[in-house]
Amino acid sequence: MTDPQFVLAERVQQALGTAFGTEYATEDPLIRPSQFADYQANVALSLAKRLRRTPREVAQALLDALDTTDITAEISGPGFLNLTLGDGWIAEQAVRRLRDERLGVAQAAPPKTVVIDYSAPNAAKEMHVGHLRTTIVGDTLARTHEHIGNRVIRQNHLGDWGTQFGMLIEHLLDIGEEESLRRLAAGDGNAYYQEARLKFDSDPEFQERSRRRVPLLQGGDPETLRLWHEFIEYTKQYFNHVYAMLGVTLTDDDIAGESMYNPMLADVCEELLHGGVAEISEGALCVFPPGFTGRDDTPLPLIVRKSDGGYGYATTDLAAIRYRIRDLKADRILYVVGATQSLHFQMVFAAARMAGWLHDDVSAEHIQIGSVLGSDGKMFKTRSGKSIKLTELLEEAVVRAEAVIAERAYDPAVRRQIARQVGMGAVKYADLSVSHDSEYVFDFDRMLALTGNTGPYLQYATARIRSIFRTGSYDPAEATGPITLGHPAERALALQLLGFGSIVESVAELSEPHRLCNYLFDLAQAFTTFYEGCPVLKAEDEEMRQSRLALSALTLRVLLQGLHLLGIEVPERM
Ligand code: ARG
């Protein structure tokens with residue numbers, strides 16, 4: 001690992017060991033970015049009390065023990081150790097990165113099995129922008145874990161089962177199979193559901209038929225199952241269409257919908273009951289995980305089997321977590337799901353812990369996804385108030401993107417292709433660049449802007465670097481240095497480039513794609529400052545030109561790799 005923070009952390013740890021004894025050599029040196037140097041180590045402040053010395057004394061002892069090859073260090077303020085890397089070291093590391101296919105991203109050793117539950121739209125309800133966001137964030141986490149060498153198992157926990165299918169199948173029979181399936185494949189599932197719901201609420205005969213259909217489905221009546229299957233298949237076609245538009249890596253092989261767990265539910269209940277984890281309460285089978293209370297401090301139940309014998313969302317999730325640990329052998333399970341389901345997952349995890357399924361070697365994490373809001377600050381809907389059809393939203397992004405790039409004259413087919421990449425890039429980047437648990441306002445103008453922290457800005461940054469190489473008839477693959485850092489902007493750019501590996505690892509560790517977005521944005525800005533201050537093609541001499549071309553080529557590769565992990569395609573020109 002040659003990321004600057006790691007190198008400095010190691011150095012300071014060595015010094016901690018030398019100065020205060022080996023038990024201090026594993027202390028976190030608290031390396032942070034600094035205003036007055038490249039980084040600062042804050043450990044002297046945190047250790048002072050324990051060592052019964054002043055922070056400045058601790059910092060002095062560290063400084064005396066520090067190996068200062070390639071770095072300069074000085075004490076500042078109350079006891080910060082300011083650290084500055086030598087230009088020669090930075091330049092040499094940058095050249096090494098150019099030769100490193102992985103650009104400084106380490107391989108996970110040993111690899112972990114990471115199950116990622118994401119997207120998970122409902123076959124009978126709307127797929128809304130909320131699902132779009134879990135899809136996009138989840139996909140980036142999947143790509144990132146794969147890239148660092150973990151074994152990734154995607155699980156699309158489709159809502160494809162439940163009593164509502166009684167009503168939907170009856171509606172399908174009323175409307176006609178062919179017409180129904182056409183509408184479902186076209187993404188009309190939401191309106192379709194609402195029609196069925198309306199009839200259910202207003203027509204007693206329809207309601208009665210729908211109720212009678214439920215046990216037929218659950219009991220496995222062949223004709224009912226066939227209709228249900230058709231329903232799911234055609235809805236899946238629509239989801240796949242959305243995934244394809246977005247360039248999401250989910251395939252049909254990743255579908256592990258609620259229906260898949262149906263055969264396991266009785267056994268899950270059995271195991272919970274016999275293990276003394278669940279108990280019968282008012283006719284229902286419930287788990288009462290300690291620490292969860294409702295109003296009046298009454299224990300809150302997680303209902304595993306309803307009093308009428310039916311199973312619900314919690315039962316399926318308990319079956320799923322058991323399956324993911326026992327059968328899929330997960331080390332980590334990431335649930336990329338709306339923040340509103342937080343209590344549900346806390347209780348499911350607690351129950352799974354009580355059952356002994358979720359043990360200390362496995363971590364189950366709810367990656368909470370914040371809501372996407374409209375400009376009115378409410379949940380995002382179309383103007384008419386109906387919730388929006390996703391494909392239409394994505395198509396609108398493409399149309400608007402075309403306006404962003406319209407002035408440049410390309411062949412129409414190429415232009416459409418670029419518009420698609422820019423439109424989808426804008427939508428995806430908007431989801432990824434804010435921390436996953438915060439809300440944000442869906443705003444086409446902002447996400448499509450060519451300036452600021454947007455997808456199109458980063459895409460444009462890559463296109464601009466490519467055009468430098470095109471203009472000078474140089475090949476980025478042949479720009480291998482050597483690099484010399486004469487100008488502060490060259491140095492700042494090179495230093496930023498060396499941070500890529502640790503950023504990618506932190507995205508995987510903390511499940512926070514916005515860190516990578518911020519890093520890439522800072523990198524693109526560092527490049528802009530460099531490009532404004534340091535002519536590349538018009539450099540003073542060939543050596544300087546080669547050095548700057550090498551920095552440009554490395555910037556291009558890091559941007560492309562980073563955007564690839566974010567699932568954002570990049571047009572050659574823009
Ligand atoms: N289908 C659910 C919804 O739309 C999300 C499922 C998330 N995954 C899970 N294992 N519960 O809200």
Side-chain angles (χ1 to χ4, degrees), residues 114-139 141-142 152-165 168 187 189-190 193-194 197 231-232 235-236 238-239 242-243 248 250 254-262 264-265 268 287 302-304 311-328 330 332-352 357-358 362-372 379-381 387-390 431 436-437 439 511:
V114 185
V115 170
I116 310 183
D117 177 327
Y118 70 103
S119 193
N122 300 312
K125 286 179 211 143
E126 63 205 291
M127 181 173 181
H128 50 72
V129 281
H131 289 116
L132 194 62
R133 196 168 177 199
T134 79
T135 305
I136 289 167
V137 172
D139 209 49
L141 296 179
V152 172
I153 306 178
R154 294 165 174 79
Q155 296 279 279
N156 191 351
H157 196 88
L158 282 189
D160 61 355
W161 196 248
T163 50
Q164 70 274 25
F165 283 97
L168 289 161
N190 203 22
Y193 179 85
Q194 275 156 7
R197 183 86 236 174
F231 194 98
I232 303 300
T235 312
K236 259 175 11 191
Y238 173 64
F239 296 155
V242 172
Y243 296 155
V248 160
L250 284 168
D254 305 315
I255 291 179
E258 294 181 20
S259 64
M260 184 185 105
Y261 299 100
N262 201 36
M264 307 176 201
L265 302 181
V268 162
V287 182
L302 185 68
I303 301 177
V304 186
Y311 303 116
Y313 192 50
T315 329
T316 316
D317 260 320
L318 285 166
I321 199 166
R322 191 182 72 167
Y323 169 77
R324 289 166 184 179
I325 297 169
R326 276 193 195 163
D327 299 85
L328 300 181
R332 271 180 93 176
I333 315 173
L334 308 179
Y335 292 80
V336 189
V337 187
T340 51
Q341 295 190 33
S342 162
L343 181 64
H344 166 76
F345 284 113
Q346 284 177 44
M347 292 184 80
V348 166
F349 297 164
W357 304 332
L358 182 55
V362 184
S363 95
E365 301 157 48
H366 178 196
I367 313 305
Q368 304 193 21
I369 301 299
S371 307
V372 181
M379 291 286 269
F380 187 64
K381 301 267 158 101
S387 79
I388 200 157
K389 223 170 165 183
L390 271 191
D431 269 344
H436 62 69
D437 54 354
E439 300 179 329
S511 306

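These values consider heavy atoms only, across backbone and side chains, with no hydrogens, waters or symmetry-generated copies. In listed order, ligands and their atoms are each counted from 1.
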- Item | Option nearest atom 6 (C) of ligand 1 (shortest heavy-atom distance, choices Tyr335, Tyr118, Tyr261, Tyr313) | Tyr313
- Message: How long is the straight-line distance from CG of Asn190 back to CD of Gln194, given to the nearest 0.5 Å?
- Response: 4.5 Å
- Message: Ring-plane angle category for Tyr335 and Phe345, please: parallel below 30°, perpendicular beyond 60°, tilted otherwise.
- Response: tilted
- Could you check atom 12 (O) of ligand 1 against the protein and tell me its nearest heavy-atom contact, residue, atom and distance included? Gln341 NE2, 2.8 Å
- Query: Does the side chain of Phe239 come within less than 4.5 Å of His131's, by heavy atoms?
  - Reply: no
- Heavy-atom nearest neighbour in the protein, as seen from atom 1 (N) of ligand 1, with distance rounded to 0.1 Å: Asn122 OD1, 2.7 Å
- Query: Going by distance only, is there an N or O of Phe345 that falls short of 3.5 Å from an N or O of ligand 1?
  - Reply: no
- Under 3.5 Å, is there a donor-acceptor pair between the side chain of Asn156 and the main chain of Ala120? yes
- Polar side-chain atom of Arg326 near backbone of Trp357 as donor-acceptor pair, under 3.5 Å: no
- Give the numbers and elements of all ligand 1 atoms closer than 4.0 Å to a heavy atom of His131. 3 (C), 4 (O)
- Query: N/O of Arg324 under 3.5 Å from N/O of ligand 1, yes or no?
  - Reply: no
- Who are the ring-ring contact (aromatic ring centres under 6.0 Å, His included) partners of Tyr118, not counting sequence neighbours? none
- Per-atom contacts, ligand 1 versus Val337 - under 4.0 Å to a heavy atom: 7 (C), 8 (N)
- Check whether any heavy atom of Gln155 sits under 4.0 Å from an atom of ligand 1. no
- Item | Asp317 contact mode with ligand 1 (heavy-atom cut-off under 4.0 Å) | side chain
- Message: Side chains of Phe165 and Ile232, heavy atoms from C-beta outward: is any pair under 4.5 Å?
- Response: yes
- Would you mind checking which non-hydrogen protein atom is closest to atom 8 (N) of ligand 1, with the distance to 0.1 Å? Asp117 OD1, 3.2 Å
